[in-house]
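Structure first, commentary second.
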Amino acid sequence: MSTTTLSKESKDTTANAYFDDKKTFFKSGNTLPYTFRKEQLKKLKAAIVGYEYDIGQALKADLHKPDFEAYTSEVALLHAEVNHTLKHLKKWMKPESVPTSLIHFPSKSKVYKEPLGVSLIIGPWNYPFQLLIAPLIGAIAAGNTVVLKPSELTPHTSKVIEDMISHTFDRKYISVIQGDGAKIVPQLMENHRFDHIFFTGSVPVGKIIAKQAAEKLTPVTLELGGKSPAIVDHTAKLKVAARRIAWGKAFNAGQTCVSPDYLLLEKSIKEEFITHFHNAIEQFYGELHPDHQNYGRILNQKRFDTLIAYLDQGNIMYGGKTDREKLFIGPTLIDNVDMESPIMQEEIFGPILPVLTFSNYQEVIETISINSHPLSLYHFTSDKKNEKLIRKKVQFGGGAVNDTIVHLSNPNLPFGGIGSSGYDAYHGKHSFDTFTHKKSIMRRGTWIDLPVRYAPYTKHKKKLAKLFM
Ligand code: NAD
């Protein structure tokens, strides 16, 4: 795979390819009509179908993703997103009439939806296809031109993305830049003022991007990570809870930004829950071994070593099977963890699940506040009062009651974090909004020009202002 850096010699041509041409294309107005955007979305949809096999193979090579997981989480989700966008785009693009107060009589007020311009979309390695293409759908829908930066850690998928994009779109409109993000992205941002940056990745890199973007006042969407808790109380259907948590944790070997990061179990149900969890994993995989076809692998040995170190930070209650050469770590439950240890301070991002217990909901709230603002929260309960308590008392990006992960598959729900898990949101109409500027226009009539606002200001005019404003 070619690695592109913006060296001085190549700067002119490369910069043209990556930015200037896109700015020119954007300014030409070509991306404005509904018909153009619809056409591009259809081209993208067809390309995803056309490259489906290659995508699956690349995801297998990069992450050993099982076919089913690759298809559902990286391809099917995009079809749902693009279909939803095609269905509603015309309506979303329409200017919105809003009421105007009497004081502005005669006038009409409207909000016009305009594209932001040239957008840079930066993706992570864990869902390397979907997390780059889902925001692209929003950017196209909103009429932007786009530079896509896939993760260098999943080279096979990044190569397929580049092939797919370069065979589908004019590079003046959308193109891919490859290479080490830490080198390429700061250079790109230094050399050009993007109109929007959409970043999915880690908190530390999110901070670097936000800081550099601030220099040019470039708006940024940050889709970051964090420690997402799963709470289970004694009113939950334990068998279902255990299956859904085991599924959410084992999917992509726990390398999911919204994967349950740790468990908060009500003390009285701990043993029973663990048994159900154990049974669930056995039902899913039978005997789980390092060559299992239905279970993902850890990205690389560096990530493997980070995860393995967590296993020494508590007692392994279930699982603990590992194979460094095959990058395999089986789903593992671990208890007796110290809140000060790395396993409870860092986002785990792997198939290891610390088990904490609680006696009352105050303890739950206090524990979550140690790693505040999780990206997601999962609450297994049938007690509506406690469901409401957690929803109201804990700040988190989004989540599910009685399930894990699934909330992100509904394009009607905005997906995004809060505080340290990120800002802004996307999916469906929210993606369109993220890449759209809302231009407010008040259109005044001229057949009358009331003198109240003009000097000289009198007591009578102030009285009128008080009455009408
Ligand atoms: P990362 O932050 O290391 O890298 C993400 C992207 O940023 C990559 O394309 C990389 O090349 C680029 N990059 C790396 N260093 C850079 C720098 N100094 N300047 C500019 N760009 C740079 O993240 P990752 O390891 O690929 O992904 C894992 C993280 O992403 C986890 O924290 C996970 O929670 C988070 N994540 C969040 C979501 C979400 O939707 N909120 C989804 C998936 C992953």
Side-chain angles (χ1 to χ4, degrees), residues 1 3-6 62-63 73-74 77 81 120-135 138 147-155 157-158 161-162 176-190 194 197-213 215 218 220-228 251-261 298-300 302-303 306-307 345-350 371 373-376 396-399 405 407-409 413-427 430-431 434:
M1 191 189 67
T3 299
T4 312
T5 49
L6 304 183
D62 286 329
L63 288 156
S73 64
E74 305 246 24
L77 269 183
E81 191 74 16
L120 172 63
I121 299 177
I122 304 165
W125 55 261
N126 60 333
Y127 293 87
F129 187 70
Q130 191 259 117
L131 289 172
L132 203 68
I133 304 300
V147 178
L148 292 165
K149 158 68 184 83
S151 172
E152 66 276 23
L153 300 180
T154 45
T157 312
S158 297
I161 292 171
E162 185 170 359
V176 176
I177 185 164
Q178 304 276 14
D180 178 355
K183 285 188 189 146
I184 279 177
V185 175
Q187 274 182 293
L188 260 183
M189 289 173 68
E190 175 70 30
F194 284 91
I197 296 176
F198 189 105
F199 172 79
T200 306
S202 63
V203 173
V205 177
K207 284 183 187 170
I208 295 172
I209 303 257
K211 205 167 162 185
Q212 203 183 346
E215 288 291 320
T218 297
V220 182
T221 300
L222 293 181
E223 297 286 342
L224 309 177
K227 289 188 86 63
S228 300
F251 203 91
N252 201 24
Q255 301 166 115
T256 305
C257 58
V258 289
S259 182
D261 186 275
I298 305 309
L299 171 73
N300 55 30
K302 189 171 165 215
R303 280 293 310 149
T306 304
L307 291 168
Q345 303 255 315
E346 298 165 2
E347 179 185 9
I348 295 170
F349 219 55
N371 291 291
H373 301 95
L375 179 59
S376 299
F396 56 96
I405 301 187
H407 58 299
L408 64 74
S409 62
L413 288 173
F415 178 73
I418 177 171
S420 56
S421 52
Y423 43 76
D424 201 5
Y426 74 130
H427 287 183
H430 309 282
S431 295
T434 286

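As the structure lists them, so they are numbered: ligands from 1, and atoms in each ligand from 1.
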*Describe, in one word, how the ring planes of Y127 and F251 are oriented to each other, choosing from parallel (under 30°), tilted (30 to 60°) and perpendicular (over 60°).*
parallel
*Which of the atoms of ligand 1 are close to L375, meaning less than 4.0 Å from one of its heavy atoms?*
41 (N)
*Counting each atom of ligand 1 from 1 as listed, which ones have a heavy atom of G123 under 4.0 Å away?*
5 (C), 6 (C), 8 (C), 9 (O)
_How close do S202 and L224 get, counting heavy atoms only, and between which atoms?_
O-CD2, 3.5 Å
_Identity and distance of the protein heavy atom lying nearest atom 31 (C) of ligand 1_ = E347 OE1, 3.5 Å
*Determine, considering heavy atoms only, which of V258, L153, N126 sits nearest to atom 44 (C) of ligand 1.*
N126
*Could you find the nearest protein heavy atom to atom 20 (C) of ligand 1 and give me its residue, atom name and distance?*
V185 CB, 3.4 Å
*Give the atoms of ligand 1, by number and element, whose distance to some non-hydrogen atom of T200 is under 4.0 Å.*
5 (C), 37 (C), 38 (C), 39 (C), 40 (O), 42 (C), 43 (C)
_How close do E74 and P128 get, counting heavy atoms only, and between which atoms?_
OE2-CD, 3.4 Å
*asked:* Counting only nitrogen or oxygen atoms and a 3.5 angstrom limit, does G226 reach ligand 1?
replied: no
*Considering only heavy atoms of I209, which atoms of ligand 1 have at least one such atom less than 4.0 Å away?*
20 (C), 21 (N)
_I want to know if ligand 1 touches L224 in the polar sense, i.e. an N/O pair below 3.5 angstrom._
yes
*So, for G181 and P186, which heavy atoms are closest and what is the spacing to 0.1 Å?*
O-CD, 3.3 Å
*Go through ligand 1 atom by atom and flag the ones less than 4.0 Å from a non-hydrogen atom of K149.*
9 (O), 11 (O)
*asked:* I'd like to check which ligand 1 atoms, numbered from 1 as shown, lie under 4.0 Å from a non-hydrogen atom of I208.
replied: 18 (N)
*Please round to the nearest 0.5 Å and tell me the distance separating atom OG of S376 and atom NZ of K227.*
13.5 Å
*Minimal non-hydrogen separation, D180 against E152, with atom names*: OD1-OE2, 3.5 Å
*Minimum-distance protein heavy atom relative to atom 19 (N) of ligand 1*: G181 O, 3.8 Å
*How about atom 40 (O) of ligand 1: does it have a protein heavy atom within less than 4.0 Å?*
yes
*Quick check: does any side chain N or O of D62 sit under 3.5 Å from a backbone N or O of T157, one acting as donor and the other as acceptor?*
yes
*Which atoms of ligand 1 sit under 4.0 Å from any heavy atom of E152?*
10 (C), 11 (O)
_Within the 4.0 Å heavy-atom shell around L131, which atoms of ligand 1 are there?_
42 (C), 43 (C)
*When the ring planes of W125 and F349 are compared, do they come out parallel, tilted or perpendicular, using 30° and 60° as the limits?*
perpendicular
*Looking at atom 16 (C) of ligand 1, what's its closest protein heavy atom, distance included?*
V205 CG1, 3.4 Å
*Minimum heavy-atom separation for I122 to V185, with atom names?*
CD1-CG1, 3.7 Å
*Where is the tightest heavy-atom contact between L120 and K149, given as atom of each residue plus distance?*
CD1-CB, 4.5 Å
*ligand 1 contact by G417, heavy-atom criterion under 4.0 angstrom*: no
*Are a donor atom and an acceptor atom from the side chains of T221 and D424 found within less than 3.5 Å of each other?*
yes
*Would you say the side-chain atoms of S421 pair up with the backbone N or O of H373, donor to acceptor, closer than 3.5 Å?*
yes
*Pick, from Y127, F349, W125, the option with the minimum heavy-atom distance to atom 26 (O) of ligand 1.*
W125
*Has ligand 1 got any nitrogen or oxygen that is less than 3.5 angstrom from a nitrogen or oxygen of S202?*
yes
